[in-house]
Visitor: 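Encoded as structure tokens, here's the structure I'll be asking about.
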Amino acid sequence: MRESASNGLKIVIVGGFGVGKTTMVKSVSEIRPLSTEETMTQAGVGIDDASFVQDKTTTTVAFDFGRISLDEQMVLYLFGAPGQERFWFLWDRLFSGTLGAVVLVDTNRLADSWYALDRLEHHGTPFIVARNNFTEPEHSLEDVREALDLSPDVPMIDCDARKRDSSKAVLVALARHLYSLSTGAA
């Protein structure tokens, strides 16, 4: 791996608390990811809704960072945003210079995706939606599209953020979407 590259491309992975953002960065990064995971404490009780992620013991308090070398000159930098509302103030800074984003969703908690969609649309950041299937999905992709009120031109993909190939497929889908937007083929 080269020590430096001449072109760095920034991708942000956003979504609700415990949806799998840290897991996705870890599964696909070629370096050991920088993680700001901290142990969840009693201070979060009543503030963070952990009812759907009861086995979760840590949480991202700033961001996760990973890297993928695309070739000798181009590197993809991955930033996983914190999911809890109390850390959302960091998102606008994370979006600065972002090429595109992945909105990771859990069909059990689609409402947790609204803030991410709102902020990306506010910034004019292109994005795709990835339905993370840690468990068997209860709703079809079209049901998710309708529930999130997504336009037909927003790509949707299934994934399992724990699996490298699946996470890579999400990033390839985002790259294809960004390419189609840049060439007017969308």
Side-chain angles (χ1 to χ4, degrees), residues 1-16 19-37 60-83 87-106 113 115-134 141 145 148 150-186:
M1 179 169 58
R2 293 177 45 93
E3 290 184 21
S4 64
S6 60
N7 294 312
L9 307 171
K10 181 179 177 183
I11 301 295
V12 177
I13 302 168
V14 296
V19 75
K21 300 173 300 294
T22 298
T23 302
M24 179 174 274
V25 172
K26 285 180 181 178
S27 76
V28 76
S29 179
E30 68 188 19
I31 63 169
R32 191 180 99 205
L34 167 69
S35 178
T36 59
E37 288 277 297
T60 301
V61 297
F63 61 85
D64 301 304
F65 173 79
R67 173 184 163 139
I68 301 170
S69 296
L70 301 175
D71 62 25
E72 289 290 316
Q73 298 298 315
M74 198 172 305
V75 175
L76 183 66
Y77 296 112
L78 302 172
F79 290 83
F87 299 122
W88 286 351
F89 69 92
L90 297 167
W91 285 26
D92 287 339
R93 291 283 186 201
L94 280 176
F95 292 161
S96 178
T98 297
L99 184 62
V102 173
V103 179
L104 205 54
V105 300
D106 178 341
S113 306
Y115 184 78
L117 296 170
D118 177 67
R119 297 316 305 155
L120 291 167
E121 289 173 351
H122 171 79
H123 285 279
T125 304
F127 64 91
I128 67 167
V129 173
R131 176 176 67 177
N132 190 15
N133 298 324
F134 280 158
L141 286 177
R145 179 181 299 284
L148 295 176
L150 296 173
S151 67
D153 62 320
V154 174
M156 294 189 67
I157 187 170
D158 273 316
C159 73
D160 183 335
R162 299 169 292 194
K163 298 179 179 173
R164 181 176 178 80
D165 287 343
S166 186
S167 294
K168 282 173 54 176
V170 170
L171 297 175
V172 168
L174 176 60
R176 286 186 176 134
H177 179 58
L178 295 171
Y179 179 77
S180 71
L181 291 174
S182 72
T183 61

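Throughout, numbering of the chain's residues begins at 1 and tracks the sequence. Keep in mind that what you see is a predicted model, and the values were worked out from it rather than measured.
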Visitor: In Å, rounded to the nearest 0.5 Å, how long is the span from CD1 of I11 to OH of Y77?
Guide: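 If we round to the nearest 0.5 Å, I11:CD1 and Y77:OH are 13.0 Å apart.
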Visitor: Considering residues at least two apart in sequence or located in another chain, which fulfil the side chain to side chain donor-acceptor pair (under 3.5 Å) criterion with S113?
Guide: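 With neighbours one apart ignored, the set is empty.
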Visitor: Kindly write out the residues that satisfy side chain to side chain donor-acceptor pair (under 3.5 Å) with S27, not counting sequence neighbours, or none if the list is empty.
Guide: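 Here the qualifying residues are S167.
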Visitor: About how many Å separate CG of L174 and CD1 of I13, when rounded to the nearest 0.5 Å?
Guide: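 The CD1 atom of I13 sits 9.5 Å away from the CG atom of L174.
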Visitor: A169: which residues meet the side-chain contact (heavy atoms from CB on, under 4.5 Å) condition with it, sequence neighbours left out?
Guide: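 For A169 the side-chain contact (heavy atoms from CB on, under 4.5 Å) partners, ignoring immediate neighbours, are I157.
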Visitor: Look at atom NZ of K10 and say whether more than 12 heavy atoms of other residues, nucleotides or ligands are closer to it than 6.0 Å.
Guide: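 Correct, the count exceeds 12.
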Visitor: Out of curiosity, L171 CG to L76 CG, how far, rounded to the nearest 0.5 Å?
Guide: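 Here the rounded value is 6.0 Å.
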Visitor: Contact between V170 and K168 at the side-chain level, heavy atoms closer than 4.5 Å - yes or no?
Guide: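 Side chain of V170 against side chain of K168, heavy atoms only: no contact under 4.5 Å found.
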Visitor: Got a sec, which residues hit side chain to side chain donor-acceptor pair (under 3.5 Å) with R162, two or more places apart in sequence or on another chain?
Guide: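 For R162 the side chain to side chain donor-acceptor pair (under 3.5 Å) partners, ignoring immediate neighbours, are D160.
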Visitor: State the CG-NZ distance between D165 and K163, to the nearest 0.5 angstrom.
Guide: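 If we round to the nearest 0.5 Å, D165:CG and K163:NZ are 9.5 Å apart.
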Visitor: What residues, two or more places apart in sequence or in another chain, satisfy side chain to side chain donor-acceptor pair (under 3.5 Å) together with S151?
Guide: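 Once residues adjacent in sequence are excluded, the partners of S151 under the side chain to side chain donor-acceptor pair (under 3.5 Å) criterion are D153.
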Visitor: Is it the case that over 12 heavy atoms from other parts of the model lie below 6.0 angstrom from the CZ atom of R164?
Guide: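 Yes, because the 6.0 Å sphere around CZ of R164 holds more than 12 heavy atoms from other groups.
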Visitor: Is there any salt bridge (Lys or Arg N to Asp or Glu O under 4.0 Å) pair reaching into residues 120-133, and which pairs are they, with sequence neighbours excluded?
Guide: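 Applying salt bridge (Lys or Arg N to Asp or Glu O under 4.0 Å) to every pair that reaches into residues 120-133, excluding sequence neighbours, yields R131-D158.
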Visitor: Going by heavy atoms in the side chains, are L148 and V154 under 4.5 Å from each other?
Guide: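 Side chain of L148 against side chain of V154, heavy atoms only: no contact under 4.5 Å found.
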